Protein chains: 2
Amino acid sequence: MKYEAVTIKDIARELGLSTSTVSRALRDSYEISPETKKLVLEYAEKINYRPNPIALSLKEKRTRSIGIVVAEIANSFFSQIINGIESIAYDKGYNVIITQSHESFERELINVQYLASRSIDGLLISLASETRDLSHLKHLHERGYPIVFFDRIVDEINTHKVIVDNTKGGYDATTHLIKSGFKNIAALANAAYLSITRDRIGGYQAALEEHKMKQDPSLIKYCLHGGLVYEEVEQALDSLFKQKKKPDAIFAAADKLTTNCLRYFKAKGIRVPEDIAVIGFSNIDLTELLSPSLSVVRQPAFEMGQVATELLLNLIESKRPVKDFDTRMLQPDLFIRESTSRKNSSL
Amino acid sequence: MKYEAVTIKDIARELGLSTSTVSRALRDSYEISPETKKLVLEYAEKINYRPNPIALSLKEKRTRSIGIVVAEIANSFFSQIINGIESIAYDKGYNVIITQSHESFERELINVQYLASRSIDGLLISLASETRDLSHLKHLHERGYPIVFFDRIVDEINTHKVIVDNTKGGYDATTHLIKSGFKNIAALANAAYLSITRDRIGGYQAALEEHKMKQDPSLIKYCLHGGLVYEEVEQALDSLFKQKKKPDAIFAAADKLTTNCLRYFKAKGIRVPEDIAVIGFSNIDLTELLSPSLSVVRQPAFEMGQVATELLLNLIESKRPVKDFDTRMLQPDLFIRESTSRKNSSL
DNA sequence: TTGTAAGCGTTATCAC
DNA sequence: GTGATAACGCTTACAA
């Protein structure tokens, strides 16, 4: 069943006016007599006329919409970012179209192409963990299409970017574990080639180095899909715990990695923090309700969404091609709770 | 900076052909000579031509997109529904536009109008808790606009609907509490006029009645925004605990109500389940990691999204106006965990 | 086999 | 103060 909307033509025909008169009356143009305006506005109201944004987009070559690609809206970090994005976008009269990649390159490609071709005016994207080939984004960027990266960024494309200081986050988390007296600190990370992985693990390593702790590469495990599937985390942890020297603490460098880690320990009867301490890079909002309550590095996600959107709208509304691009770095916060507290701490 | 896409005109000009020839060549029409086709396709490929879907939409009066309005994507129930919706929609070649009402009537109105003004072919909606005036949806529905309601539905609009058996969910949860020996069972619900509230509380009351328990209206508290803001829940619980006869168990009839309830108990030092038992109507995926693990009524959210989408696509693709509408009712599941276990149970 | 023209809904420009 | 026309990008009768 096709839904037929009311158009300016319908109004014009009904009132015996031309479409241009109706159009002008609706936009309250000074050229139109008060009587005609009243007539048109009242009739439009009566039949509930709404301008067709598709037609407007075609004409104006802009849609007043921006597109988002994130891995998973079910992830608190991303849903908080989205709320930040919406808060700015709506204010400026832009609508927001949300899509999910589910960490799949193919899905990301489809979404980016759909969004770009649908003539959204600009794109906010955090890459899928599978994504290594960036040509789909490079093409768009080369043609002047406004893109802002957040969270998972890339060096190859020179545009605005918003991230948290991931190196510091990893460093702070690890330093906290070291100072709490843990000796054998493992790390569980997303795909190795992602910017967030590189930086967070970099911070972890820097902390170990600074405290003269020996570095054991076999203590770092990577999950290609960021722990989206439990089995991935299970496998990583299985192999971690099969080693002779078992870790006494673990730094989980992403949301899903953290929760699936906790699931694993619960399933295996491994106690936190008695048998192993856990600190997560996580924005889940139930951390204080977990058992034990969870120590985390938390990102200012809402703010990240806001900043990214402001940068994108700048790009979109700029009159001339933008050459100078910013990379904004926000600060993460460390929240220490029960999951990393050790009674026999050296502190 | 405006992004200028390649059009058929550009190709036509470059190759010295007419736009119609180019159009036909691109769609592999039988009328076009192999040589011309080859020429056009190769050049289109070379300059990375993509048809403008805005123009197509204007022409075809369809967008192959469907719109969603939910209260909050940060709510697991809704994000699971959305995943179900996407799973069907993508399969059928439809794209999905997600919007949030944040339980606000005004925001819902804006979203519905944006979506309906022909950016999408049909609408999937769960009402905002604030929404009492349905005229925005009635208008659309009367003009034949395809709408499917899920979760929070209304009687006044006759179209396809998908819900869970909320009455049974409320009944099962309450019966479980009664059988576990709790005597003074309170209920915390969303806005009173919502379908889900009516049914879930109806089930709660039916269970009390069946077991000849006295019904105390002051044990039922309503939160106008479904517990979206903590203060709302705090206020409800404060007033609940100020009463002389304090509840020994509580049935929290929605996701955010449940988690904010737990937050409140944690803050006040009220132990669960020793001081009060808690059962939630919730799809959060961390229930087993909470302390104590949480008993819940869980909805088949993914499936609900799938069913709703199938119904919507039927409406959209139907050749004639649909007169017969379905209300599909799915079954909720009861998961019993620690938060409702009482040592001195009568069982 | 290819080109011309109309139309989708809207607005800007130019007439009257 | 109002109307006719062209244009946005595309498809499709209808002509040639």
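Values reported hereafter were calculated over all heavy atoms of this structure, with side chains retained and with hydrogens, waters and symmetry mates removed. Proteins come first, then strands; the chains are lettered A, B, ... in the order of their sequence lines, and each starts at number 1. Note that the structure is predicted; figures quoted are calculated from it, not measured.
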Between atom [atom1] in [X] and atom [atom2] in [N], what is the gap in whole Å?
{"X": "Leu17(B)", "N": "dT1(C)", "atom1": "CG", "atom2": "C1'", "answer": "11 Å"}
{"X": "Glu35(B)", "N": "dT2(C)", "atom1": "CD", "atom2": "C1'", "answer": "13 Å"}
{"X": "Lys61(A)", "N": "dA12(C)", "atom1": "NZ", "atom2": "P", "answer": "15 Å"}
{"X": "Asn52(B)", "N": "dC8(C)", "atom1": "CG", "atom2": "C1'", "answer": "13 Å"}
{"X": "Leu58(A)", "N": "dG7(C)", "atom1": "CG", "atom2": "P", "answer": "17 Å"}
{"X": "Leu15(B)", "N": "dG3(C)", "atom1": "CG", "atom2": "C1'", "answer": "15 Å"}

Validate the cation-pi geometry between Arg107(A) and Tyr90(B): distance from NZ or CZ to the six-membered ring centre under 6.0 Å, angle to the ring axis within 45°.
yes

Check ion pair Asp28(B)-Lys37(B) (N to O, under 4.0 angstrom):
yes

What I want to find out is whether Glu42(B) reaches Lys38(B) closely enough, with some N-O distance under 4.0 Å, to be called a salt bridge.
yes

Under the rule for side-chain hydrogen bond (donor to acceptor under 3.5 Å, both in side chains), what residues qualify as partners of Asn75(A), not counting sequence neighbours?
none

Please evaluate residues Arg50(A) and Asn48(A) with respect to the criterion side chain to side chain donor-acceptor pair (under 3.5 Å), reporting the C-alpha separation (whole Å), side-chain torsions for both, the decisive distance (0.1 Å), and the verdict.
CA-CA 7 Å; Arg50(A) 304 275 163 226; Asn48(A) 197 34; 2.9 Å; yes

Under 4.0 Å, counting only non-hydrogen atoms across every strand here, what does Thr36(B) touch: a base, just sugar-phosphate, or nothing?
sugar-phosphate

Nearest heavy atom decides the nucleotide; on that basis, is Ser33(B) or Ala55(A) closer to the 5' end of DNA chain C?
Ser33(B)

Between Glu31(B) and Lys59(B), the residue closer to the 5' end of DNA chain C by nearest nucleotide is Glu31(B)

In the 5' to 3' direction, the nucleotides of DNA chain D bounding the stretch that comes under 4.0 Å of a heavy atom in chain B are dC8(D) to dC14(D)

State yes or no: are the ring centers of His136(B) and Phe105(B) separated by less than 6.0 Å?
yes

Only one of Glu130(A), Glu103(A), Glu108(A) passes salt bridge (Lys or Arg N to Asp or Glu O under 4.0 Å) with Arg152(A); say which it is.
Glu103(A)

Does Tyr49(B) or Lys37(A) map to a spot on DNA chain D nearer the 5' end, using the closest nucleotide for each?
Lys37(A)

Taking DNA chain D as the partner, which of residues 20-28 of chain B come within under 4.0 angstrom of it by heavy atom?
Ser20(B), Ser23(B), Arg24(B), Arg27(B)

Answer yes if the side chains of His102(A) and Glu72(A) hold a donor-acceptor pair under 3.5 Å, and no otherwise.
yes

Is the side chain of His139(A) donor-acceptor paired with the backbone N or O of Ser135(A) at a distance under 3.5 Å, no angle test?
yes

